[in-house]
Amino acid sequence: MARSSISGATPRRAWALPMISAICRDASFFPPCDAAFAIAPSSLTSSPAAAVIDRRRPCRPSTSISAAGTASAEGSGTTTTSRLKRTAALMEWASENDIKHAGVEVSPGDRNSGLGLFLTQSPKPADIVIQVPTRLTLSVESPRDYNAVMERELFPSDPKAYRNAPWWAALSVQLNYYDRVNPNNARAGGTGMGPWMNSLPRAYDTPIHWSESSLAGLQYRPMTDAVALQRRLWKEQYDALASASSVFASRVSYDDFVWGCETARSRAFSGAYSGSAFDPVPYATVSALAAAYVGLGIGSLEQAANGAAMVVCGTILKDFVLPKLLKVQKYVICPLIDMANHAGTGATGTVSFEYFSDGFSLSATSEPGATRGSEMFIQYGPRSNDQLLQYYGFVERDNVHDVYILPPIREWDIGALEEACGRKVGPGRLEKLDRAGLLGRGGVADPRSSPTDAEAANDIRGVVLTRAGGIDPAVVQAARALISSDDEWEEAGEAIGNFAAQVSPENERAARTAVRRAMEMELERKPTTIDEDENLMKAFNGKGGGVDAEDMLPVAFRLEKKKLLQEAIRNMR
């Protein structure tokens with residue numbers, strides 16, 4: 001999810017984020033929180049960033065569907081109103097711990113909404129509305145995290161169990177430590193983290209909690225595979241941590257661990273940065289030494305400058321170069337900023353790391369809409385509905401980043417494709433495609449064989465189409481070869497690579513017809529039609545807030561997938 005823009009005269013440092021970009025900016029502070037809520041101006045701009053959060057209101061009621069629009073925005077037995085009461089203590093805690101906030105408040109917006117950040121003033125572009133000291137955030141460095149407190153308190157006999165855990169599991173350990181073991185954060189001078197922990201959602205409506213019938217209602221095999229993979233990985237990781245520490249096992253149940261993982265997956269943002277914030281001490285020290293070196297006649301100015309340059313280069317190497325070379329990723333959950341909701345397009349807020357003041361900030365973008373009384377949205381990044389539903393609990397209508405994973409070519413009905421395009425698949429074609437890896441794996445995907453970092457299972461190597469780019473070009477290439485005439489096949493030297501471009505108008509029409517027919521059959525096999533799903537959604541909407549998320553979200557999800565498939569079919573005509 002990385003774009004960045006740098007302006008202003010003060011040096012800044014950028015995080016290259018997978019979902020987002022966070023720009024390290026100069027120190028910009030607010031007046032005390034008991035003073036007038038004037039938004040502090042900033043002369044610097046920043047690029048889109050994301051702090052992802054679950055269980056929220058739709059980013060815009062007209063463009064997304066989430067659990068917040070159903071019977072409960074907080075899960076069984078909990079309401080948005082009760083959580084809003086808990087955020088009062090969060091705001092007081094924030095003020096007491098130097099979290100600067102001005103011109104923004106936590107509010108549900110309306111009775112059917114989850115919590116979000118709403119503006120009490122109209123900010124200018126790049127105005128900062130929240131700034132949080134780094135010491136109050138929770139963070140993990142991947143692939144290994146060296147958190148001495150977690151290792152000492154929970155895993156004294158096997159610190160590697162925590163150290164080698166995936167980032168989401170390591171953050172779950174931290175969240176559960178402050179929530180269930182010890183609320184005092186030693187890294188923040190003993191600051192109590194209770195008010196922040198209490199403000200977090202206590203339940204999530206993501207598919208990992210759904211019944212098998214609800215998952216089947218998605219009518220989308222890749223998502224059911226992804227959830228099966230998620231369940232297996234999370235249980236295996238909990239068992240590994242619990243077996244390594246009796247303290248952890250006795251204080252943190254599997255359900256607690258899952259809560260922490262979901263909180264981490266839905267609220268953390270990440271970046272390829274592992275260095276510390278700006279530290280003036282080395283620069284002041286080297287300046288003093290250089291001055292003394294020259295003043296006392298020990299050496300020349302040129303020699304002193306060379307020594308100082310080595311110190312500066314060393315700092316740059318540590319903070320800017322090594323993290324990228326070592327592919328170190330940092331994942332951060334930031335209090336109060338994590339209340340910001342998502343807008344797929346037109347986000348009015350952006351998250352940045354303040355390199356010179358050692359903190360994180362939320363500031364206004366140049367997008368229109370950041371006005372008093374409106375909600376400030378950030379962008380999670382280019383997330384498909386697979387990712388949004390699995391980890392964040394909502395579906396975005398007409399999501400420009402959505403994808404559809406069709407069955408692999410191996411599972412396509414070749415006879416039906418031949419009939420549709422009026423050509424026969426010649427001998428040797430399928431074998432060549434198989435050797436080129438273009439037929440896919442076939443069969444039911446085994447979640448045990450999937451990679452641990454999979455966002456959505458495509459272990460079958462299915463055919464991917466996107467709303468932005470359409471069908472994978474490699475699939476069209478495979479179709480050209482598959483239905484090629486004997487003359488076209490021989491002219492191409494029986495090589496799949498020679499079908500990367502159009503070989504003839506007739507072949508191109510036949511190939512596109514075959515691919516289109518495969519997509520049409522995928523749509524026809526669905527147990528319900530688009531019209532039926534749309535009528536179900538109308539019925540759900542007519543009930544207001546009395547619909548269970550597990551009933552509504554599968555319908556909303558499959559409807560968006562069918563619409564995407566229908567668009568792709570039209571584009572192949």
Side-chain angles (χ1 to χ4, degrees), residues 1-3 17-20 48 50 52 59 63-65 218-227 229 342-347 379-392 394-412 437-441 445 450-451 453-480 499-502 508 511-523 525-526 530 533 556-573:
M1 52 212 258
R3 300 176 296 276
L17 303 182
M19 306 186 292
I20 55 173
V52 291
C59 65
T63 59
S64 72
I65 306 99
L218 294 167
Q219 301 178 9
Y220 189 65
R221 169 178 163 188
M223 177 59 82
T224 57
D225 288 349
V227 173
L229 169 63
H342 165 75
T345 58
Q379 188 191 49
Y380 297 176
R383 310 296 263 175
S384 70
N385 276 336
D386 303 57
Q387 298 161 320
L388 292 177
L389 179 61
Q390 184 176 2
Y391 294 115
Y392 313 127
F394 69 88
V395 175
E396 187 175 6
R397 291 190 182 97
D398 302 321
N399 184 350
V400 296
H401 304 295
D402 208 5
V403 303
Y404 193 105
I405 301 175
L406 291 155
I409 296 176
R410 179 186 302 280
E411 298 180 12
W412 290 8
L438 293 174
L439 291 186
R441 190 165 286 159
S450 299
D453 61 349
E455 287 285 348
N458 186 18
D459 194 50
I460 57 175
R461 296 178 187 168
V463 173
V464 178
L465 65 90
T466 67
R467 175 163 273 130
I471 197 81
D472 184 348
V475 176
V476 178
Q477 176 182 349
R480 291 179 185 130
F499 288 90
Q502 176 177 318
E508 191 70 11
R512 293 177 68 85
T513 299
V515 173
R516 185 179 71 246
R517 183 57 190 146
M519 292 189 288
E520 289 171 345
M521 289 190 293
E522 173 73 5
L523 190 57
R525 281 193 291 264
K526 301 293 185 183
I530 290 179
D533 290 342
F557 177 85
R558 73 194 190 211
L559 175 58
E560 291 304 310
K561 291 298 179 184
K562 291 171 188 175
K563 287 163 56 180
L564 173 57
L565 196 54
Q566 190 178 61
E567 289 175 19
I569 291 170
R570 286 197 298 264
N571 292 335
M572 290 299 291
R573 295 189 186 280

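Position 1 is the first residue of the sequence, and the numbers go up from there. A quick note: this is a predicted structure, and the numbers were derived from the prediction, not measured.
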* Heavy-atom check, side chain of D533 versus side chain of K526, under 4.5 Å -> no
* **CA sep, side-chain torsions, deciding dist, call: R480, V476, side-chain contact (heavy atoms from CB on, under 4.5 Å)** => CA-CA 6 Å; R480 291 179 185 130; V476 178; 3.7 Å; yes
* Asked: Are E560 and R397 ion-paired here, with the side-chain N under 4.0 Å from a carboxylate O?
  -> no
* To do: Determine whether E396 and H342 make a side-chain contact, defined as any pair of heavy atoms from C-beta on separated by less than 4.5 Å.
  => yes
* Structure fact -> Between V463 and P407 the two heavy atoms that sit nearest each other are CG2-O, 3.7 Å
* Going from CD on Q390 to CG on N385, what distance comes out if it is rounded to the nearest 0.5 angstrom? -> 12.5 Å
* **Any M223 side-chain heavy atom under 4.5 Å of V227 side chain** => yes
* Which pair of non-hydrogen atoms, one from N399 and one from S384, has the smallest distance, and what is that distance? -> ND2-C, 3.6 Å
* **Smallest separation among heavy atoms of V395 and A556, with atom names** => CG1-O, 4.0 Å
* To do: Evaluate the criterion side-chain contact (heavy atoms from CB on, under 4.5 Å) for residue pair I471 and L406; output intermediate values, then yes/no.
  => CA-CA 10 Å; I471 197 81; L406 291 155; 4.1 Å; yes
* Structure fact -> Shortest non-hydrogen pair, P408 vs G440, comes out as CB-CA, 3.6 Å
* Let me see the working for R221 and E411 under salt bridge (Lys or Arg N to Asp or Glu O under 4.0 Å), right down to the final yes or no. => CA-CA 13 Å; R221 169 178 163 188; E411 298 180 12; 3.4 Å; yes
* Side-chain touch L465/V475, heavy atoms, less than 4.5 angstrom -> no
* Nearest-0.5 Å distance that lies between atom CZ in R467 and atom NZ in K563 -> 7.0 Å
* Of the non-hydrogen atoms in P222 and I405, which two are nearest, and what is the gap between them? -> CG-CB, 3.7 Å
* Asked: Quick one: CD on Q387 to CG on D402, what's the gap to the nearest 0.5 Å?
  -> 9.5 Å
* Asked: Could you go step by step and tell me if R383 and Y392 meet the side-chain hydrogen bond (donor to acceptor under 3.5 Å, both in side chains) rule?
  -> CA-CA 10 Å; R383 310 296 263 175; Y392 313 127; 2.9 Å; yes
* Structure fact -> d(M519 CE, L564 CG) to nearest 0.5 Å is 10.0 Å
* Asked: How many angstroms lie between atom CG of L523 and atom CD1 of I569, to the nearest 0.5 angstrom?
  -> 5.0 Å
* In plain terms, say whether E520 and R516 are close enough for a salt bridge, that is, a side-chain N and a carboxylate O under 4.0 Å apart. => yes
* Please round to the nearest 0.5 Å and tell me the distance separating atom OH of Y220 and atom CG of D225. => 10.5 Å
* Quick one: does L218's side chain get under 4.5 Å of L389's, heavy atoms only? -> yes
